[in-house]
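Residue indices begin at 1 and follow the sequence shown. Values in this document were obtained by computation on a predicted structure and should not be read as measured data.
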Amino acid sequence: MARRYDCSDATDRATGLREAASAVRRGELVVLPTDTVYGIGADAFTPEAVGDLLEAKGRGRGMPSPVLIGSPNTLHGLVTDFSEQAWELVDAFWPGALTLIARHQPSLTWDLGETGGTVAVRMPLHPVAIELLTETGPMAVSSANLTGHPAPQTCDAAQEMLGDSVAVYLDGGPTPDSVPSSIVDVTGPAPRLLRAGAISAEELRKVVPDLEVAS
């Protein structure tokens, strides 16, 4: 039976965060609020849990899960060949609605799906998410919806779709916006905008003027 915690109540929030962190360490799934939409998350380094996450969403390995982190410093252990421009984007827009696709360290023992040696990584601007990620370390997190359905802005909507496939739901109230994060690929010689979301190409170009936009 899934457990749900109201993060607007200090006691419930503390209990919920503790229970969610324990669930993640056990390889179970949790739902958490972010600054864009609600996400379904698992320990990034437990392949079975990531597989359960994809299965809960009805999503194949060809659509690998992004990774959320609680601090930019975590990047040092996750990515390689991270350019100066990539760090400038981190400095300007993290925490926030910017996902960066980078090459991951080849030594990492994770299986996020068919990633081609890359990882989509973001630090969300939400206190509940950051507190959980600080406790658990990197989490595989995807929008908390069944594939083909709208990404949820409330915990109710997420729970209606995912039910008891999730161990712990953290209810942080409605998310501020339904607009997804912008996605920038930083694996090439110039940053490349793959998805225009909450941060526009114009805003990104103020930091990296040679930003390319995928057609």
For this session: Apply the test side-chain contact (heavy atoms from CB on, under 4.5 Å) to residues Val67 and Val141: give CA-CA distance (whole Å), side-chain angles for both, the deciding distance (0.1 Å), then the verdict.
Result: CA-CA 6 Å; Val67 169; Val141 180; over 6 Å; no
For this session: Given side-chain contact (heavy atoms from CB on, under 4.5 Å), test Leu68 with Val121 step by step and report yes or no.
Result: CA-CA 6 Å; Leu68 295 189; Val121 64; over 6 Å; no
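Residues Ile40 and Tyr38 are members of one and the same hydrophobic cluster, defined by side-chain heavy-atom contacts under 4.5 angstrom among Ile, Leu, Val, Met, Phe, Trp and Tyr. Taken together through direct or relayed side-chain contacts under 4.5 Å among Ile, Leu, Val, Met, Phe, Trp and Tyr, Leu211 and Ile183 form parts of separate hydrophobic clusters. Side-chain heavy atoms closer than 4.5 Å link hydrophobic residues (I, L, V, M, F, W, Y) into clusters, and following such links, possibly through other members, connects Met139 to Val128. Hydrophobic clustering places Val119 together with Met123 (ILVMFWY residues linked when any side-chain heavy atoms are closer than 4.5 Å, directly or through intermediates). Put simply, Val79 and Val186 are part of the same group of oily side chains (I, L, V, M, F, W, Y) that touch within less than 4.5 Å, one to the next.
Two residues are said to be in side-chain contact when any heavy atoms from C-beta on lie closer than 4.5 Å; Tyr5 and Leu17 fail this criterion. Using a 4.5 Å heavy-atom threshold, the side chains of Gln85 and Pro191 count as touching. With contacts defined as side-chain heavy-atom distances shorter than 4.5 Å, the pair Val30/Leu170 does not qualify. Annotation: side chain of Pro64 is not in contact with side chain of Glu114 (no heavy-atom distance under 4.5 Å). No side-chain heavy atom of Val31 sits under 4.5 Å from any side-chain heavy atom of Val168.
Residues Asp171 and Gln159 bring no donor and acceptor atom of their side chains to less than 3.5 Å of each other. Side-chain contact of Thr154 with Asp156: a donor-acceptor pair under 3.5 Å is absent, judged by distance alone. Donor-acceptor pairing under 3.5 Å is recorded for the side chains of Ser181 and Arg195. For the 3.5 Å distance criterion, the side chains of Ser8 and Arg13 fail to qualify, holding no donor opposite an acceptor.
Under the 3.5 Å distance criterion, the side-chain polar atoms of Asp12 are left unmatched by any main-chain donor or acceptor of Cys7. Judged by distance alone, the side chain of Tyr169 and the main-chain N or O of Gly163 form a donor-acceptor pair under 3.5 Å. A donor-acceptor distance shorter than 3.5 angstrom exists from the side chain of Lys57 to the backbone of Ser143, with no hydrogens or angles considered.
Of the options Leu112, Thr115, Asp81, a side chain to side chain contact (heavy atoms under 4.5 Å, CB included) to His104 is made by Thr115 and by none of the others. For the side chain to side chain contact (heavy atoms under 4.5 Å, CB included) with Trp94, the lone residue among Leu100, Leu89, Leu125 that qualifies is Leu100.
Residue Ala44 comes nearest to Val50 through the heavy atom pair O-CG2, 4.1 Å, listed as atom of the first residue, atom of the second, then distance. Closest of all the heavy-atom pairs between Ala167 and Ala23 is CB-CB, 4.3 Å. Between Ile101 and Ala120 the shortest heavy-atom distance is CG1-CB, 4.1 Å. Between Ala97 and Thr36 the shortest heavy-atom distance is CB-CG2, 4.0 Å. Minimum interatomic distance between Ala140 and Leu53 (heavy atoms only, all atoms of both residues): O-CD1, 3.4 Å. A pairwise comparison of heavy atoms in Ala42 and Leu29 identifies CB-CD2, 3.7 Å as the closest pair.
We find the CG-CD1 distance between Leu132 and Ile130 to be 11.0 Å, quoted to the nearest 0.5 Å. Here the straight-line distance linking atom CG of Leu194 with atom OG1 of Thr99 works out to 10.5 Å at 0.5 Å rounding. Rounded to the nearest 0.5 Å, atoms CG (Leu98) and CD1 (Ile199) are 4.5 Å apart. Here the straight-line distance linking atom CD of Glu131 with atom OG1 of Thr136 works out to 11.0 Å at 0.5 Å rounding. Within the model, atoms CH2 of Trp110 and OG1 of Thr46 stand 12.5 Å from one another, a figure rounded to the nearest 0.5 Å. If you take OG1 on Thr74 and CG on Leu133, they are separated by 8.5 Å, rounding to the nearest 0.5 Å.
Between Asp35 and Arg122 a salt bridge is recorded (basic side-chain N to carboxylate O distance below 4.0 Å). With respect to the salt-bridge test (charged N to carboxylate O, under 4.0 angstrom), the residues Arg18 and Glu135 do not qualify. A salt bridge is defined here as a Lys NZ or Arg NE, NH1 or NH2 lying under 4.0 Å from an Asp or Glu carboxylate O, and Asp111 with Arg61 meets this definition.
Taking the six-membered ring for Trp and thresholds of 30 and 60 degrees, Phe82 and Trp87 have ring planes more than 60 degrees apart, a perpendicular arrangement.
For CD of Glu55, the number of neighbouring non-hydrogen atoms (other residues, nucleotides, ligands) closer than 6.0 Å is 12 at most.
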